[in-house]
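Bear in mind the structure is a predicted one, so any value in this text is a computation, not a measurement.
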Amino acid sequence: MPKASDTLWDIAKAEVEKKENLEGNGDGVEVWEKSLLFMGNKNGGKTTIILRCLDRDEIPKPTLALEYTFGRRAKGHNRPKDIAHFWELGGGTSLLDLIRIPITNDNIRTFAIILVLDLSKPNELWPTMDSLLQVTRNHVDKIITKLGKTNPKVATEIKQRMWNNMPKDHPDHELIDPFPIPLVIIGSKYDIFHEFDSEMRKIMCKTLRFVSHYYGASLVFTSKSEALLLKARVLINHLAFGFDRSKSVSVDQNKPLFIPAGLDSLNQIGPPPASDRDIGKLHAHTPVDLWKKIYEKTFPPKSTRDLKDVNDPAQDPQYAEYEVDAMRAQKNQELEQYKRNASKSWKEMEFES
């Protein structure tokens, strides 16, 4: 029975657990339960990727704010199905505050981030990536710091786990800074990106390879192509359901990139795409800052302040409710009347002290 204090997310999770308990065989086998948050450019293809991972034949709809769904997979006959919670953040970078809703103290150990970047919009790529990763990392770091005070063993385990994908003898051990929780970076709309000038593709590929490797993330390029969506699905299913991780690698800039975490290196990526003279003129404080400055020299950043572009859900036909809409229209009329009356005689209005 839901409690008055339960949020929508608590109720949704309880429903999933209830169904699993009814369908399970009760043999005590532990159920794998993971959570993933998809974020990235507006209209970048996040919903399409989620639907493909869940084998749902639906027409993608624009994500309003923060949406939730789930998937289930059985590892064998007569075994309980593992659960994966899929969260999707809409609005590009305009709704960053909502990140704290799905990522909590309770699920931080089983959480992963899927960052979907639109390759067809190179000028928006870095600002979007930087904003989303920075806010997410700050939130996760706060949770881990808080957890460290009550359960230091678990906090240490979370930090150490991110190094597991990196071979112990990897030459870049001291040069990278893994994201605190598993991260997959997906470059979407490869079909459009593939038509770009070769030099543009080179800069974008090298930059995304560096960022992914530096943060200990997996990197994959995809599009509406079934074959490319399958590659992205392999990485996501590894995090969501514990399926085997692919060990194949593709680093050719003339082909879709596919690089699981820990299988790239700074030596293979090479130096930033700029002359030594240009690099010497840049004042960067970190390796990431250096790559950012070089990338933005070719692709000047486009503002990520797209809050104004977010459609008003009250005007969206798919959320129409006659009684609610009628009352809202009435209140809007009352508000407009109030504004007109107030503008006529502000000096005559009485205010409480």
Whether the side chain of [X] engages the backbone of [Y] through a donor-acceptor N/O pair (distance < 3.5 Å, no angle test) should be reported.
X    : Y    : answer
D130 : W126 : no
S188 : S223 : no
K42  : T93  : no
T128 : L125 : no

My understanding is that only residues two or more places apart in sequence, or in another chain, count here; which of them pass ring pair (Phe, Tyr, Trp, His ring centres under 6.0 Å) with F299?
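For F299 the ring pair (Phe, Tyr, Trp, His ring centres under 6.0 Å) partners, ignoring immediate neighbours, are Y295.
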
Please list, chain by chain and in numerical order, all residues satisfying ring pair (Phe, Tyr, Trp, His ring centres under 6.0 Å) with Y190, sequence neighbours excluded.
F193, H194

Result for side-chain contact (heavy atoms from CB on, under 4.5 Å) between F258 and one of L228, V249, L235 points to L235

Give a yes-or-no answer on whether the side chains of H85 and E33 include a donor-acceptor pair shorter than 3.5 Å.
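H85 vs E33: donor-acceptor pair found between side chains.
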
Decide whether T69 and R56 meet the rule of one side-chain donor and one side-chain acceptor closer than 3.5 Å.
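The answer is yes; a qualifying pair exists.
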
Let me see the working for L36 and F111 under side-chain contact (heavy atoms from CB on, under 4.5 Å), right down to the final yes or no.
CA-CA 6 Å; L36 287 76; F111 215 97; 5.9 Å; no

May I have the step-by-step check of side chain to side chain donor-acceptor pair (under 3.5 Å) for N237 and R73, ending in yes or no?
CA-CA 10 Å; N237 278 343; R73 294 285 186 276; 4.7 Å; no

Report the residues that fulfil salt bridge (Lys or Arg N to Asp or Glu O under 4.0 Å) with D252, sequence neighbours left out, ordered by chain and then residue number.
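Here no residue qualifies.
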
Restricting to salt bridge (Lys or Arg N to Asp or Glu O under 4.0 Å), what partner residues turn up for K189, sequence neighbours left out?
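Salt bridge (Lys or Arg N to Asp or Glu O under 4.0 Å) check on K189 returns D118.
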
Strictly by salt bridge (charged side-chain N to carboxylate O under 4.0 Å, His left out), give each pair with a member in residues 159-188 just once, sequence neighbours left out.
R137-D177

For V234, check side-chain contact (heavy atoms from CB on, under 4.5 Å) against everything at least two apart and list the hits.
S246

For a quick test of reading the model, state the closest non-hydrogen atom pair linking W291 to P273 and the distance between them.
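Residues W291 and P273, closest heavy atoms: CZ3-CD, 3.7 Å.
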
